[in-house]
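This one's a predicted model, so the numbers in the text were calculated from it and none came from an experiment. What's counted below: heavy atoms across the whole structure, side chains too, no hydrogens, waters or symmetry copies. In what follows, chains carry the letters A, B, and so on, assigned in the order in which the sequence lines appear, proteins first and then strands, with residues in each chain numbered from 1.
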Number of protein chains: 2
Amino acid sequence: MRRRRYYCPVEVTVDVLAGRWTPVILAHLKEGVHRYGELRRRMPAVSEKVLTERLRGLERDGLVERTVHDGVPAPVSYRLTEEGRSLAPVLAALYDWGTARAARMGVPVEPVDGPVTPR
Amino acid sequence: MRRRRYYCPVEVTVDVLAGRWTPVILAHLKEGVHRYGELRRRMPAVSEKVLTERLRGLERDGLVERTVHDGVPAPVSYRLTEEGRSLAPVLAALYDWGTARAARMGVPVEPVDGPVTPR
DNA sequence: CTGCATCCGATGCGATACTG
DNA sequence: CAGTATCGCATCGGATGCAG
């Protein structure tokens, strides 16, 4: 973990989900196994650098598993670990509130490759 | 909102909850109205600068309401707005997962409910 | 008590170019 | 296809000092 002492459980969660894109990556992986390129398509606004950095960090924290498959070039897939799947309620809550907030604010949300529907 | 386009509802939520301390502040306010000093006591690791910045931002985003009471010096209290209270499921999920994660990792979480702990 | 002002380092993030 | 390497800006956030 990053800090010595925690005074609220929320601080623990925030440490793991830190960064602008970490929760978004996990929300997509919650839907199933995804290739690197699939994640890129679903997150057009994130740079390759940041996407890779976050995936490495999530791997280090034990939330995501990286698998290199046979093939040329070698396909790489990412999936949630058991620990990562335990975040499902958090990710669903983030998703639901974002949906409602966007509706209240009249802000459009345009998923790529069809809806990214949780659950 | 910060960005023009959203490709996933989670991005909307993350924009509002951005920052290391924002979710923690909201989680404390979810428990009830709090004075500035009470928030300081419950969040010993955050600086006054950041706490004030976040509270102002949350006020701007319509999640928190700031009230100056009579008295010298004037007491100031903070409470969630209706929009802020709509975050309750998100905050509860963050809290619950943090609690479980800390237990799995053997990391202690020590809430400050009593007197001030000086830094 | 509740803050604001200032400084400043650390980190996050985006853009671009390049590679096995 | 799935990354690395590099650069530079922006933002975050901690420390300190001061004020009404």
Side-chain angles (χ1 to χ4, degrees), chain A residues 1-7 11 14-25 28-29 33-61 64-79 113, chain B residues 1-7 10-11 14-25 28-29 33-61 64-79 115-116 118-119:
Chain A
M1 315 295 275
R2 281 92 175 169
R3 292 175 53 223
R4 305 254 172 137
R5 275 193 147 167
Y6 295 97
Y7 300 93
E11 300 174 14
V14 170
D15 258 12
V16 175
L17 297 186
R20 181 180 189 172
W21 294 106
T22 305
V24 182
I25 293 171
H28 285 300
L29 290 181
V33 180
H34 283 305
R35 299 266 298 270
Y36 180 82
E38 290 176 330
L39 290 174
R40 289 239 56 207
R41 275 193 294 281
R42 288 162 182 269
M43 306 169 60
V46 67
S47 68
E48 293 180 349
K49 168 180 174 286
V50 171
L51 178 57
T52 301
E53 278 177 1
R54 294 300 125 202
L55 285 169
R56 292 291 178 275
L58 289 170
E59 210 185 342
R60 213 175 43 247
D61 286 346
V64 164
E65 186 183 287
R66 178 176 182 269
T67 307
V68 182
H69 301 271
D70 290 338
V72 177
V76 179
S77 66
Y78 295 90
R79 59 184 305 218
D113 276 346
Chain B
M1 316 293 271
R2 282 90 175 171
R3 293 175 53 222
R4 304 273 170 124
R5 277 197 147 163
Y6 295 97
Y7 299 94
V10 175
E11 299 174 14
V14 170
D15 258 12
V16 175
L17 298 186
R20 180 180 189 173
W21 295 105
T22 305
V24 183
I25 293 171
H28 285 298
L29 291 181
V33 179
H34 282 305
R35 297 267 299 272
Y36 180 80
E38 289 177 331
L39 290 174
R40 289 275 297 141
R41 275 192 294 281
R42 288 162 182 269
M43 304 168 62
V46 68
S47 68
E48 293 178 349
K49 170 181 174 282
V50 171
L51 178 57
T52 301
E53 278 177 0
R54 293 300 126 206
L55 285 169
R56 293 289 176 276
L58 289 170
E59 212 184 341
R60 236 185 1 261
D61 286 347
V64 163
E65 186 183 286
R66 179 175 182 268
T67 306
V68 182
H69 301 271
D70 292 338
V72 176
V76 179
S77 67
Y78 296 90
R79 61 186 300 232
V116 187
R119 288 196 298 156

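Spacing between atom OH of Tyr78(A) and atom P of dC1(D) amounts to 14 Å, rounded to whole angstrom units. Counting to the nearest Å, the C1' atom of dA2(D) and the CZ atom of Arg42(A) are 18 Å from each other. At whole-Å resolution of the value, NE2 in His34(A) and P in dA2(D) are 13 Å apart. When rounded to the nearest whole Å, the span between CG of Leu17(A) and P of dG12(C) equals 14 Å. Atom C1' of nucleotide dA15(D) and atom CZ of Arg40(B) are separated by 12 Å, given to the nearest angstrom. When the P atom of dT2(C) is taken as reference, atom CE of Met43(B) falls 15 Å away, rounded to whole Å. When the P atom of dG20(D) is taken as reference, atom CG of Asp70(B) falls 21 Å away, rounded to whole Å. Computed from coordinates, the Leu51(B) CG to dC1(C) P distance equals 14 Å when rounded to whole Å.
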### Query
Yes or no on side-chain contact (heavy atoms from CB on, under 4.5 Å) for Leu39(A) and Leu29(A), after CA distance, side-chain angles and deciding distance?
CA-CA 8 Å; Leu39(A) 290 174; Leu29(A) 290 181; 4.0 Å; yes

### side-chain contact (heavy atoms from CB on, under 4.5 Å) evaluation trace for Trp21(B) with Val14(A)
CA-CA 8 Å; Trp21(B) 295 105; Val14(A) 170; over 6 Å; no

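Residue Arg35(A) holds its CZ atom at 8.0 Å from OG of Ser77(A), rounded to the nearest 0.5 Å. Distance check: Arg60(B) CZ to Leu55(B) CG gives 11.5 Å after rounding to the nearest 0.5 Å. Of the inter-residue distances, the one linking Glu38(A) atom CD with Arg42(A) atom CZ reads 6.5 Å to the nearest 0.5 angstrom. One distance of note links CG of Leu17(A) with CZ of Arg54(A); it measures 11.0 Å at 0.5 Å rounding. For the atom pair CZ of Arg20(B) and CD of Glu11(A), the computed distance is 8.5 Å after rounding to the nearest 0.5 Å.
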Review item, nucleotides 8-13 of chain D N/O atoms under 3.5 Å of protein N/O:
unit_1	atom_1	unit_2	atom_2	d
dG13(D)	OP1	Arg20(B)	N	2.4
dG13(D)	N7	Lys49(B)	NZ	2.7

Would you list the protein and nucleotides 17-20 of chain C atom pairs, both N or O, that sit under 3.5 Å from each other?
none

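In this structure, the side chains of Arg56(B) and Glu59(B) come closer than 4.5 Å at one or more pairs of heavy atoms. Between Tyr36(A) and Leu51(A) there is a side-chain heavy-atom pair separated by less than 4.5 Å.
Val46(B) and Arg40(B) make their closest contact through O-NH1, 2.8 Å (heavy atoms, listed as atom of the first residue, atom of the second, distance).
Direction of the helix axis in the helix from dC1(C)-dG20(D) to dG20(C)-dC1(D) shifts by 50° between the two five-pair termini, rounded to 10°.
Between Tyr78(B) and the options Glu65(B), His34(B), Arg66(B), a side-chain hydrogen bond (donor to acceptor under 3.5 Å, both in side chains) holds for only Arg66(B).
Residue-level contact check: Arg35(B) touches the backbone only, with heavy atoms under 4.0 Å from sugar-phosphate atoms and none from bases.
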